[in-house]
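Inspection log for the structure reproduced underneath, given as structure tokens.
Not measured: the values here are computed from a predicted model. Each ligand, and each atom within it, is numbered from 1 in the order the structure gives.
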Amino acid sequence: MNVKIFDKKFNKNNISIKTILFLIKKYNTPFWLYCAENIKNKILQLKKFDIIRFAQKSCSNINILKLMKYQGVKVDAISLGEIERALTAGYNPKNINDIVFTSDIFEKKTLKRIISLNITVNIGSIDMLHQLGKISKNHNILLRINPGFGYGHNKKTNTGGENSKHGIWYKDLKKSIFLIKKYNLNLIGIHMHIGSGVNYNHLQKVCNSMLLNVLQPYMPKINIISAGGGLTIPYKKTDSIVDTNHYFDLWNKTRNILNNFFKKNIKIEIEPGRFLVAESGILICQVCAIKIIKNKRFVLVNVGFNDLIRPVMYGSYHYISAISSKGRDMSNDYKTKTIVAGPLCESGDVFTQLENGEINFFMLPKVNIDDYLIFHDTGAYGSSMSSNYNSRPLIPEILIENNIPKLIRRRQKIEELINLELC
Ligand SMILES: Cc1ncc(COP(=O)(O)O)c(C=O)c1O
């Protein structure tokens with residue numbers, strides 16, 4: 001088939017069209033496709049940090065977790081489900097800090113499991129201190145501090161400041177330390193994740209705030225400072241690439257000051273989701289209908305915001321490329337303004353939209369029915385945020401490693417959805 005590789009700059013995983021067409025034939029569209037080598041490369045870029053902890057909410061497939069574990073990456077869990085996923089992937093709470101549970105609440109069943117497995121908890125509320133402290137003496141904890149400000153690529157991803165539900169308000173730190181001592185909890189670290197899409201100016205502010213909060217006479221000797229996640233990736237061609245060395249240097253300077261203060265070696269932990277997996281993933285779908293409304297060209301595909309919610313939720317941009325189903329090379333085709341939308345019974349089910357919900361467009365070749373579209377950089381908060389809205393089953397996930405594709409989640413069956421309700 002004489003088709004060219006899609007836009008080189010956005011074929012970040014070097015996957016050929018031939019491979020994609022082979023997978024389409026084998027599994028049908030739509031599906032998620034990840035590249036293991038891309039993830040390994042991202043891990044390498046963070047090797048200076050003492051601990052890399054994967055925020056599994058970004059892509060929680062057990063096979064991705066296994067890959068992380070094999071590469072020496074630890075894991076974060078925010079629910080009982082995520083704890084069970086980590087355990088299934090082989091993480092062992094007996095290895096100190098293999099799994100850290102980060103949350104602002106305990107659900108009863110989750111707390112029971114945490115205590116029985118002795119899982120370290122990153123505490124996000126004073127109530128959690130009481131609830132854990134009363135029943136589990138000497139439990140290892142970190143405190144997640146809301147430093148009073150936040151940052152995010154969207155206000156919904158800003159996790160700091162007075163409008164955020166996350167973390168312990170910085171003014172409550174002294175009270176928290178008092179409770180930790182009262183309950184004999186073991187404070188091993190301080191954590192700050194202020195949001196996703198962090199830039200260096202804000203990062204400096206976070207480092208300064210870490211110092212301000214930790215350099216207090218009442219602060220016990222800690223072992224770890226956690227920088228949280230938030231490292232960006234270039235979704236657009238014009239987006240810059242995060243300088244991980246600079247990122248590390250800022251945190252390293254912070255750590256050195258704390259080392260002097262506590263007279264011990266403190267570890268720096270980083271907790272990315274997006275940075276590790278976003279660029280490894282693409283979403284492949286098929287064109288089902290084309291409508292011209294006034295002068296607007298709508299291309300409707302077989303995935304909706306039940307599969308990929310980021311554009312609807314945040315107005316997020318994903319680069320889109322096209323593959324002809326007829327083997328036609330479209331790489332030099334004239335590009336036209338195209339609105340790309342899904343099948344859901346929701347007018348907002350549009351992938352090309354701005355943060356305020358206004359319809360936008362993407363410049364695409366004139367695709368036809370049955371051609372394929374690829375949404376790029378969808379490895380993070382793609383599959384893991386999918387739902388069954390409109391009773392649409394979850395779609396398969398495939399991982400390519402050393403050029404060998406492996407199905408890592410099969411397509412959900414409609415009967416499986418229906419069976420849940422036959423009780
Ligand atoms: C506590 C915590 N850590 C890490 C992350 C990962 O963020 P990102 O994927 O932007 O790196 C999140 C994201 O919501 C988070 O809430």
Side-chain angles (χ1 to χ4, degrees), residues 34 38-39 42-43 45-46 49 51-61 64-65 68 73-79 81-83 86 97 99-105 119-125 128 141-147 150-161 163-168 189-200 202-203 206 210 224-235 239 241-242 244 247-248 251 268-281 308-310 313-314 316-318 377-385:
Y34 309 101
N38 188 305
I39 298 174
K42 288 308 197 67
I43 294 169
Q45 291 179 39
L46 297 177
F49 289 87
I51 302 166
I52 309 171
R53 184 173 304 286
F54 177 49
Q56 69 162 293
K57 73 200 79 173
S58 59
C59 187
S60 50
N61 187 296
I64 300 289
L65 301 187
M68 294 290 176
V73 173
K74 309 274 187 195
V75 75
D76 161 71
I78 48 116
S79 66
E82 287 196 355
I83 289 174
N97 292 338
I99 306 173
V100 167
F101 176 79
T102 294
S103 184
D104 301 283
I105 64 155
I119 291 174
T120 301
V121 182
N122 185 13
I123 298 259
S125 63
M128 288 176 81
I141 61 162
L142 291 98
L143 280 185
R144 177 176 180 178
I145 304 296
N146 176 343
Y151 191 76
H153 63 77
N154 178 288
K155 58 178 179 293
K156 290 179 193 150
T157 64
N158 182 336
T159 60
N163 294 323
S164 170
K165 65 175 180 150
H166 292 296
I168 290 180
I190 297 292
H191 172 282
M192 275 183 195
H193 170 83
I194 61 154
S196 291
V198 176
N199 71 28
Y200 304 118
H202 277 84
L203 191 60
V206 185
M210 179 66 86
I224 300 169
I225 48 170
S226 172
L231 287 84
T232 52
I233 63 112
Y235 285 103
D239 287 350
I241 294 171
V242 70
T244 49
Y247 215 92
F248 174 78
W251 277 107
I268 316 176
E269 177 166 316
I270 190 145
E271 193 179 60
R274 176 187 327 277
F275 181 81
L276 293 178
V277 289
E279 290 172 281
S280 80
L308 176 64
I309 202 171
R310 298 189 71 250
M313 191 141 152
Y314 312 121
S316 300
Y317 172 97
H318 286 279
D377 303 318
T378 48
Y381 308 104
S383 161
S384 64
M385 286 182 105

Quick check: [X] and ligand 1, any N/O pair under 3.5 Å apart?
X: Ala55; value: no
X: Tyr381; value: yes
X: Gly273; value: yes

> With sequence neighbours excluded, what pairs up with Asn97 under the side-chain hydrogen bond (donor to acceptor under 3.5 Å, both in side chains) test?
Replying inline: Thr120
Closest approach of any protein heavy atom to [atom], naming residue and atom:
atom: atom 4 (C) of ligand 1; result: Glu271 O, 3.1 Å
atom: atom 11 (O) of ligand 1; result: Gly230 N, 2.8 Å
atom: atom 5 (C) of ligand 1; result: His193 CE1, 3.4 Å
atom: atom 10 (O) of ligand 1; result: Ser196 OG, 2.5 Å

> Any chance the side chains of Asn38 and Ser280 put a donor and an acceptor closer than 3.5 Å?
Replying inline: no
> For residues His191 and Asn122, is any side-chain donor paired with an opposing acceptor at under 3.5 Å?
Replying inline: yes
Going by the atom numbers of ligand 1, which of them fall below 4.0 Å from some non-hydrogen atom of [X]?
X: Gly229; result: 4 (C), 11 (O)
X: Arg144; result: 1 (C)
X: Pro272; result: 11 (O)

>> Can you tell whether the side chains of Lys57 and Glu82 come within less than 4.0 Å, N to carboxylate O?
In response: no
>> Run Ile78 and Phe101 through side chain to side chain contact (heavy atoms under 4.5 Å, CB included) and show every step you take.
In response: CA-CA 6 Å; Ile78 48 116; Phe101 176 79; 5.5 Å; no
>> Going by side-chain contact (heavy atoms from CB on, under 4.5 Å), name the residues that satisfy it together with Lys74, two or more places apart in sequence or in a different chain.
In response: Ile51, Arg53, Asp98
> Quick one: does Gly228 get within less than 4.0 Å of ligand 1, heavy atoms only?
Replying inline: no
> Who's closest to atom 16 (O) of ligand 1 heavy-atom-wise, of Arg274, Lys57, Met192?
Replying inline: Lys57
> Cationic tip of Arg274 within the cone over Tyr235's six-membered ring, i.e. under 6.0 Å and within 45° of the normal?
Replying inline: no
>> With a 4.5 Å cut-off on side-chain heavy atoms, are Val277 and Met68 touching?
In response: yes
